[in-house]
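Everything on this sheet refers to the single structure shown next.
Keep in mind the model is a prediction, meaning the values are calculated, not measured. Values reported hereafter were calculated over all heavy atoms of this structure, with side chains retained and with hydrogens, waters and symmetry mates removed.
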Amino acid sequence: IDRMTDDLTNRRVQVCCKNLHYCTQVWQEHNGQGFEIAGRLVNAILQCRDGSRSASYGDEAADSLRTQLEDLLEQFCRILEQMASISSNLKSVVSLLEARGEDPATPVFNTLPMTAFASCADSMTLDYSQELSLKRNIVGDLLRGQRNRDTLKAYLSCWVHQPYLSNHVIDQLEALLIEAGLRST
């Protein structure tokens with residue numbers, strides 16, 4: 001029974017790692033789409049200010065882009081909810097191991113303990129949560145459309161570079177995928 005329980009735990013950890021990786025991939029796709037939409041919105045705002053487009057055309061185009069950005073924020077929220085659920089799932093595995101009297105610091109597959117998997121998922125959720133907060137603030141300011149050219153360009157730069165997503169957390173996820181046998185070295 002212990003062997004079967006270990007296999008189920010390992011499988012659960014693998015599924016969580018796959019899902020975390022999938023969430024990051026979908027986030028990146030949405031980030032690219034969001035950058036494109038935000039860029040078009042910034043251009044529409046600036047063209048209306050510069051007088052190179054009529055205000056009515058700019059308002060119609062900007063309204064459509066604003067709606068698209070708001071929809072995209074909802075998709076980011078859903079991704080973050082999935083990440084939080086995965087993090088909670090991995091924490092529950094740690095709790096389960098502790099409840100069974102097992103040491104969660106024991107390596108799950110080869111070298112990394114269960115606590116490392118839970119900690120990485122938690123760090124990722126925190127980083128992506130901060131990034132979502134930044135994106136919300138950017139969208140809020142873009143929806144008001146009251147910023148100068150330099151500020152709008154800085155917003156686009158922040159959107160594309162995602163300053164709250166550290167390379168360290170992404171590297172940790174890659175290590176977890178390798179550890180769980182989902183990637184080759």
- Item | Leu90 side, atom CG; Ser95 side, atom OG - distance, nearest 0.5 Å | 11.0 Å
- Item | Worked verdict on Asn89 versus Asn19 for side-chain contact (heavy atoms from CB on, under 4.5 Å) | CA-CA 11 Å; Asn89 210 334; Asn19 290 342; over 6 Å; no
- Message: Applying a strict under-4.5 Å side-chain criterion to I, L, V, M, F, W and Y, I'd like to know whether Val26 and Phe76 cluster together.
- Response: yes
- Message: Once rounded to the nearest 0.5 Å, what's the spacing between atom CG of Leu96 and atom CG of Leu8?
- Response: 10.5 Å
- Heavy atoms only: give me the nearest Ala180-Cys17 pair and the separation to one decimal. CB-SG, 4.5 Å
- Start with the C-alpha distance between Phe117 and Cys16, add both sets of side-chain angles, then the distance that settles side-chain contact (heavy atoms from CB on, under 4.5 Å), and finish with yes or no. CA-CA 9 Å; Phe117 287 88; Cys16 286; over 6 Å; no
- Item | Donor-acceptor pair between Glu179 and Thr111 side chains, under 3.5 angstrom | yes
- Item | Heavy-atom closest pair, residues Arg136 and Cys77 | NH2-SG, 2.8 Å
- Task: Decide yes or no for Phe35 and Leu156: does some side-chain heavy atom of the first lie under 4.5 Å from some side-chain heavy atom of the second?
- Result: yes
- Task: Quick one: closest heavy-atom pair of Lys91 and Ala118, and the distance?
- Result: N-CB, 4.2 Å
- Query: Is Thr125 reaching over with its side chain to a backbone N or O of Ala121, donor-acceptor style, under 3.5 angstrom?
  - Reply: yes
- Task: Flag the pair Gln68 / Gln33 as yes when at least one side-chain heavy-atom distance between them is below 4.5 Å, and no otherwise.
- Result: no
- Indicate whether the side chain of Thr151 and that of Asn148 have a donor and an acceptor atom separated by less than 3.5 Å. yes
- Query: Going only through I, L, V, M, F, W and Y residues with side-chain contacts under 4.5 Å, is there a path from Ile79 to Val169?
  - Reply: yes
- Task: State, to 0.1 Å, how close Asp127 and Ser166 come at their nearest heavy-atom pair, and which atoms those are.
- Result: OD2-OG, 3.3 Å
- Any Thr24 side-chain heavy atom under 4.5 Å of Met124 side chain: yes
- Test side-chain contact (heavy atoms from CB on, under 4.5 Å) on Leu46 and Leu152 and set out the steps. CA-CA 9 Å; Leu46 293 175; Leu152 293 172; 3.7 Å; yes
- Does Leu182 reach the side chain of His21, with side-chain heavy atoms less than 4.5 Å apart? no
- Leu97 and Asp103, any side-chain heavy atoms less than 4.5 Å apart: no
- Do Gln162 and Trp27 have side-chain N/O donor and acceptor atoms under 3.5 Å apart? yes
- Lys/Arg N to Asp/Glu carboxylate O, Asp63 vs Arg66, below 4.0 Å: yes
- Nearest heavy-atom approach of Trp159 to Val139 is CZ3-CG2, 3.7 Å
- From Asp141 CG over to Ile45 CD1, what is the distance, rounded to the nearest 0.5 angstrom? 10.0 Å
- Item | Value rounded to 0.5 Å, distance of CG in Leu126 from OG in Ser129 | 6.5 Å
- Smallest separation among heavy atoms of Ser92 and Arg12, with atom names: OG-NH2, 3.5 Å
- Query: Going from CZ on Arg78 to CE on Met83, what distance comes out if it is rounded to the nearest 0.5 angstrom?
  - Reply: 14.5 Å
- Side chain to side chain, Leu143 and Glu70, heavy atoms closer than 4.5 Å: yes
- Task: Evaluate side-chain contact (heavy atoms from CB on, under 4.5 Å) for Leu72 paired with Gln75, printing each intermediate quantity in order.
- Result: CA-CA 5 Å; Leu72 199 57; Gln75 293 174 15; 3.6 Å; yes
- Item | Transitive ILVMFWY side-chain link Ile178 to Ile86, under 4.5 Å | no
- Cluster link Val15 to Val94, ILVMFWY, side chain under 4.5 Å: no
- Query: Taking Ser87 for the side chain and Ala84 for the main chain, is one N or O donor matched with an acceptor at less than 3.5 Å?
  - Reply: no
- Message: Are more than 12 heavy atoms, taken from residues, nucleotides or ligands other than Tyr164, located less than 6.0 Å from that residue's OH atom?
- Response: no
- Report the distance from atom OG of Ser85 to atom CG of Leu80, rounding to the nearest 0.5 Å. 11.0 Å
- Pairwise side-chain contact, Leu73 with Leu132, heavy-atom cut-off 4.5 Å (strictly under): yes
- Within 6.0 Å of CG in Asn167, more than 12 heavy atoms from elsewhere: no
- Message: I want to check something: taking the side chain as every heavy atom from C-beta on, are Leu69 and Leu41 in contact at a cut-off of under 4.5 Å?
- Response: yes
